[in-house]
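Chain letters run A, B, ... following the sequence lines, proteins first and then strands; every chain starts at 1. Reckoned from all heavy atoms, side chains included, excluding hydrogens, waters and symmetry mates. Note that the structure is predicted; figures quoted are calculated from it, not measured.
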2 protein chains.
Amino acid sequence: MGNATTGDGQHSEWRPVRRTRTFEAVLDRIDERIASGELRVGDRLPGERQLAALLGVSRPSVREAMRVLEARGVLTAQTGSGPDAGAILVADPGRALSGLVGTHLGLSAFALADVVEARWAIERLAVETAAREADAADLAPLRKAVAEMRAPGLELAAFHELDTAFHVGLAELSGNPLLVAFMTAIRTSVHRYAARAVEEMTDTAAGVTALTDDHARILAAIEDGDAERAVAALDTHLRRAYPRVDRGTGTDTGTGTGTGTGTEQRERP
Amino acid sequence: MGNATTGDGQHSEWRPVRRTRTFEAVLDRIDERIASGELRVGDRLPGERQLAALLGVSRPSVREAMRVLEARGVLTAQTGSGPDAGAILVADPGRALSGLVGTHLGLSAFALADVVEARWAIERLAVETAAREADAADLAPLRKAVAEMRAPGLELAAFHELDTAFHVGLAELSGNPLLVAFMTAIRTSVHRYAARAVEEMTDTAAGVTALTDDHARILAAIEDGDAERAVAALDTHLRRAYPRVDRGTGTDTGTGTGTGTGTEQRERP
DNA sequence: TCCCGTTGTGTGGTCTGACCACAGCAAGGT
DNA sequence: ACCTTGCTGTGGTCAGACCACACAACGGGA
């Protein structure tokens with residue numbers, strides 16, 4: 001890998017040099033300072049004009065680099081003056097990942113089934129870790145979310161909010177910000193594409209109840225420190241939420257035929 | 001969540017409206033066409049000038065939107081004329097994710113341990129799927145990579161190449177492009193930060209041999225369709241490669257004290 | 001007729017210089 | 001002591017110009 005002669009006889013393919021564009025050079029300079037620890041979360045970058053002058057490039061080039069950093073979730077920009085104004089380094093991988101996954105989902109680069117499968121991989125680990133390490137205090141917000149799901153006459157949108165809070169909270173229990181970011185991204189991008197299907201559920205009340213019970217079961221297993229049971233409960237839950245998506249796992253199934261979300265699945269080639 | 005009155009008495013906090021910037025509007029228009037399927041991989045966008053005119057904005061605004069799409073890995077731009085020139089939609093989530101994870105790693109938003117843990121979550125699923133579904137033909141490239149790792153006097157850089165090829169190939173067996181993208185991103189970003197440590201290994205030859213044997217064991221288990229053994233072998237491998245990183249899993253350990261990569265670990269708060 | 005420079009045209013890449021809206025802050029007036 | 005009023009610096013936006021590049025059509029020469 002990396003050499004030419006891919007087998008088709010001709011040894012051409014000398015292209016991929018691609019002279020670096022100046023905004024990429026700007027990006028590199030900033031990345032260097034980030035990697036070296038010179039720039040940290042909360043720090044302010046010099047103003048666009050000043051940075052352009054310092055680097056010897058034009059302001060548009062600097063701005064394009066800014067946009068990339070913003071797309072990576074490490075920068076926000078505020079107008080005005082004062083301490084909060086300007087370009088400030090942040091760490092918001094969740095939002096950035098959401099955009100990325102969402103766009104690729106739209107491009108059909110991923111199928112919904114792929115995203116759900118990845119979610120299963122992430123969440124399984126989160127649940128295992130939580131069952132091993134979480135104590136009662138950590139679980140309080142999750143318990144609260146589950147309790148609120150049982151409120152009579154709950155709006156579907158509100159249920160979604162709580163559901164997201166529950167699952168992101170689960171990821172947070174792992175203590176791993178990368179997993180939290182993935183979970184956030186997966187939730188929001190799937191939400192955009194599957195919300196409509198959920199609204200069309202035949203018996204929403206029963207569905208909500210079943211899903212809420214799933215949550216409670218996951219929580220109870222974590223509370224007992226029973227990782228295996230927690231993972232099984234999670235598996236049941238995901239199968240219920242995405243019945244048409246084959247995640248292909250060997251773990252035990254639960255009731256199986258639940259009130260489903262009804263999301264389309266892609267054929268595998 | 002989402003309401004004001006955070007508890008500090010005053011009910012201010014009416015800020016987060018944030019007038020959308022014009023490049024974001026451009027982004028939305030393009031995203032719409034992507035989500036609707038009107039734009040697909042391989043399609044060309046109108047030229048920057050033309051697009052600016054069509055949307056009634058300036059060219060810099062269009063360009064900033066382009067940079068974001070490029071950062072998401074859905075667009076590449078080529079100068080010149082002809083069929084390959086212009087802005088073309090692609091699906092390259094791996095490169096985009098690499099930049100994202102790498103930058104956040106530099107910002108210490110993630111620790112190396114977090115990344116390795118996420119890798120474990122992803123790769124475990126990939127290996128399980130592979131053990132269940134892969135046939136001999138699918139495994140040929142992996143077998144080749146392992147064989148080449150045994151070449152005498154192999155350069156460390158070459159070993160890294162083969163190692164990456166092996167693990168990315170493992171992810172490809174899952175048939176899930178999202179997992180492949182994650183794997184690619186994790187490999188490249190970890191590589192940037194850990195390559196130095198690997199070069200400082202005390203006994204490189206023995207280490208390479210041990211890691212290669214790990215690969216062979218994983219492969220053999222997949223070949224036998226034994227998911228459990230494959231996962232255990234993977235676990236052993238990762239523990240050997242990142243001995244100082246506690247991934248915290250209950251599965252069986254292997255020889256334990258292998259020649260390590262020697263990567264630092266973050267304290268958990 | 002065929003080949004091969006030449007020129008044309010459209011692409012992204014870059015720069016300059018200007019103006020706007022906004023938010024904070026300091027100087028001034030009340 | 002308070003409020004008003006500008007000043008200043010921030011990002012956001014725009015118009016217009018020029019460059020390097022690469023293909024494609026043209027035209028002259030063999």
Exercise. Check each residue of residues 84-93 of chain A for a non-hydrogen atom within less than 4.0 Å of any atom in DNA chain D, then write out the ones that pass by number, or none.
Key: A:Gly86, A:Ala87

Starting from [atom2] on [N], measure out to [atom1] on [X] and report it in whole angstrom.
| X | N | atom1 | atom2 | result |
| --- | --- | --- | --- | --- |
| B:Glu70 | C:dG12 | CD | P | 11 Å |
| A:Arg21 | C:dT11 | CZ | P | 17 Å |
| B:Glu48 | D:dA20 | CD | C1' | 14 Å |
| A:Gln78 | C:dC22 | CD | P | 14 Å |

Quiz prompt | Nucleotide nearest A:Arg44 when distance is taken to its side chain, options C:dC25, C:dG12, D:dT10 | solution = D:dT10

Quiz item: Around A:Arg59, counting heavy atoms of other residues, nucleotides and ligands shown, do more than 12 lie under 6.0 Å from its CZ?
Solution: yes

Check salt bridge (Lys or Arg N to Asp or Glu O under 4.0 Å) between [X] and all other residues, then give those that pass, not counting sequence neighbours.
| X | answer |
| --- | --- |
| B:Arg67 | A:Glu64, B:Glu70 |
| A:Glu172 | none |
| B:Arg33 | B:Glu38 |
| B:Glu32 | none |

Self-check item: Stretch residues 58-67 of chain A: residues that reach within less than 4.0 Å of DNA chain C through a heavy atom
Solution: A:Ser58, A:Arg59, A:Pro60, A:Ser61

Self-check item: Backbone of B:Ala85 reached by a side-chain donor or acceptor of B:Arg44 within 3.5 Å
Solution: yes

Practice problem: Please name all residues satisfying side chain to side chain donor-acceptor pair (under 3.5 Å) with A:Arg95, sequence neighbours left out, ordered by chain then number. | Solution: A:Asp92

Quiz item: Does a distance-only test, which skips hydrogens and angles, find a donor-acceptor pair under 3.5 Å between the side chain of A:Arg49 and the base of D:dG11?
Solution: yes

Quiz item: Does a nitrogen or oxygen in the side chain of B:Thr22 sit under 4.0 Å from OP1 or OP2 of D:dC14?
Solution: yes

Exercise. For C:dG13, take OP1 and OP2 only and decide whether either is under 4.0 Å from a side-chain N or O of B:Thr79.
Key: no

Practice problem: Among residues two or more places apart or on two chains, list those pairs meeting salt bridge (charged side-chain N to carboxylate O under 4.0 Å, His left out) that have a residue in residues 71-91 of chain A. | Solution: A:Asp31-A:Arg72

Quiz item: How is B:Gly82 classified with respect to the nucleic acid when contacts are heavy atoms under 4.0 Å: base, sugar-phosphate, or nothing?
Solution: sugar-phosphate

Quiz item: If you look only at pairs with a residue in residues 73-106 of chain A, which of them pass as a ring pair (Phe, Tyr, Trp, His ring centres under 6.0 Å), with sequence neighbours excluded?
Solution: A:His104-A:Phe110

